[in-house]
Amino acid sequence: PASHPTTHLATTRLSGENNPKRLLTVYALAMASGDADRVKDSFWAETPDQRAVVDAYAHLARSVGALRKASTDKYGPDGFDHIGFGQMFAAQTKTIENTRLFVDGPKALAFTNRDNKPDLRLVRVETGWKISATSFAHPAQFAARIDAQATAYDELATEIAAGKYRLATDAQVAGRNKVRDAKAALEQKLKASTQPAQPGK
């Protein structure tokens, strides 16, 4: 777990590019719009497993973009809202507005909950603030979970585009079930992969 920084700076004193919260806002907007390149550029990763997390989030952004287009084409300008995703991203933006940031030189911790456990670690590099992929424990498994969610969104977008769901509410329910089933299947797979081999097997 990350330790608290020794120097706390009020984020109100950090303006423009110097404010880590700007990066979080840019990231949230990029994810909501399906801008995979900008999502990818929001991260800093150094190991293959960490880069897998970044790639998984880029996949998620692409799937969100496909879902936004499919639902808009099928259900109209508010289609993305009607299948339940608009509210989800609005809530994420609200969370960022209320995020507490503790900055210590080129590092920062972001707290979105009331507890003292940071949700994200950020680092400042030559190109500006980035979300550090060290924020995620067990990055390979974490990346697999994000990919499973993105794949479920891909499937839903394809089915909406094919006209499978007459009503947006039908697509919303289907999407919820797809994500639930994908996550459950992945957890079973991860559990099986970590179980010790039985004697004689």
Inset, instruction - For the residue pair T134 and Q50, establish whether any side-chain heavy-atom pair is separated by less than 4.5 Å. - result: yes
Legend entry - K178 with E159: basic N within carboxylate O range, under 4.0 Å: yes
Inset, instruction - Indicate yes or no for a side-chain donor-acceptor contact from D119 to the backbone of T112 under 3.5 Å, with no hydrogens or angles considered. - result: yes
Legend entry - Intermediate values then yes/no, side-chain contact (heavy atoms from CB on, under 4.5 Å), F142 and Y57: CA-CA 10 Å; F142 188 86; Y57 270 115; 3.3 Å; yes
Inset, instruction - Compute the ring centroids of Y75 and F80, then answer whether they are less than 6.0 Å apart. - result: no
Legend entry - Shortest non-hydrogen separation from A168 to H82 and the atoms involved: CB-CB, 3.6 Å
Legend entry - Atom pair CZ (F136) and CD (Q141), whose distance is rounded to the nearest 0.5 Å: 14.0 Å
Inset, instruction - May I ask you to test the F43-D55 pair for a side-chain heavy-atom distance under 4.5 Å? - result: no
Inset, instruction - Taking the side chain as every heavy atom from C-beta outward, state whether D170 and K164 have any pair of such atoms under 4.5 Å apart. - result: no
Legend entry - S42 and L23, any side-chain heavy atoms less than 4.5 Å apart: yes
Inset, instruction - Using the side-chain contact (heavy atoms from CB on, under 4.5 Å) rule, take V64 and F89 through it: C-alpha gap first, then chi angles, then the decisive distance, then the call. - result: CA-CA 11 Å; V64 168; F89 286 110; 3.8 Å; yes
Inset, instruction - Output the distance between atom OG (S71) and atom OH (Y165), rounded to the nearest 0.5 Å. - result: 13.0 Å
Inset, instruction - Taking the side chain as every heavy atom from C-beta outward, state whether V103 and P20 have any atom pair closer than 4.5 Å. - result: yes
Legend entry - Closest contact, heavy atoms only, V53 versus P139: CG2-O, 3.3 Å
Inset, instruction - Determine whether Q92 and Y27 make a side-chain contact, defined as any pair of heavy atoms from C-beta on separated by less than 4.5 Å. - result: yes
Inset, instruction - Any chance you could measure I146, atom CD1, to T151, atom OG1, to the nearest 0.5 Å? - result: 11.0 Å
Inset, instruction - Kindly work out whether a path of hydrophobic side-chain contacts (I/L/V/M/F/W/Y, heavy atoms less than 4.5 Å apart) joins V123 to L109. - result: no
Legend entry - Same cluster (ILVMFWY, side-chain, under 4.5 Å), V173 and I83: no
Inset, instruction - Please confirm whether the backbone N or O of D41 pairs with a side-chain atom of K130, one donor and one acceptor, at under 3.5 Å? - result: yes
Inset, instruction - Please answer whether the main-chain N or O of R38 pairs with a side-chain N or O of D35 as donor and acceptor at a distance below 3.5 Å. - result: yes
Legend entry - Carboxylate-amine/guanidinium proximity below 4.0 Å for R62 and D154: no
Legend entry - Electrostatic pair E97-K21, nearest N-O below 4.0 angstrom: no
Inset, instruction - Check A150 against S63 and note the closest heavy-atom contact, atom names and distance. - result: O-CB, 3.4 Å
Inset, instruction - Starting from the C-alpha separation in whole Å, work towards a yes-or-no answer on side-chain contact (heavy atoms from CB on, under 4.5 Å) for R145 and L190. - result: CA-CA 10 Å; R145 292 184 176 98; L190 292 176; 3.7 Å; yes
Legend entry - Salt bridge flag under 4.0 Å for residues K69 and D73: yes
Inset, instruction - Indicate, with yes or no, if V54 and V39 share a hydrophobic cluster defined by side-chain heavy-atom contacts under 4.5 Å among Ile, Leu, Val, Met, Phe, Trp and Tyr. - result: yes
Inset, instruction - Answer yes or no: is there a donor N or O on one side and an acceptor on the other, between the side chain of R68 and the main chain of A32, under 3.5 Å? - result: yes
Legend entry - From L186 atom CG to D181 atom CG, the distance as rounded to the nearest 0.5 Å: 12.5 Å
Inset, instruction - First locate atom OH of Y153, then atom CG of L60, and finally report the distance between them rounded to the nearest 0.5 Å. - result: 6.5 Å
Inset, instruction - Please list, chain by chain and in numerical order, all residues satisfying side chain to side chain contact (heavy atoms under 4.5 Å, CB included) with D147, sequence neighbours excluded. - result: A56, H59
Legend entry - Distance in Å, E187 CD paired with K183 NZ, rounded so as to fall on 0.5 Å steps: 9.0 Å
Inset, instruction - For the pair R51 (side chain) and E46 (backbone), establish whether a donor and an acceptor sit closer than 3.5 Å, ignoring hydrogens and angles. - result: yes
Inset, instruction - Check whether any side-chain heavy atom of L101 lies under 4.5 Å from a side-chain heavy atom of N19, and answer yes or no. - result: yes
Legend entry - S135 side-chain N/O to R121 backbone N/O, donor-acceptor pair under 3.5 Å: yes
Legend entry - Minimum heavy-atom distance between P118 and F111, given as atom pair plus value: N-CE2, 3.3 Å
Inset, instruction - Please examine the side chains of L24 and L122, heavy atoms only from C-beta on, and report whether any two atoms are closer than 4.5 Å. - result: yes
Inset, instruction - Search all heavy atoms of L156 against all heavy atoms of A171 and return the closest pair with its distance. - result: CD1-O, 3.6 Å
Legend entry - Connected via hydrophobic side-chain network under 4.5 Å: L67 and V179: yes
Legend entry - For the student: nearest non-hydrogen atoms of A148 and A182, plus distance: O-CB, 3.8 Å
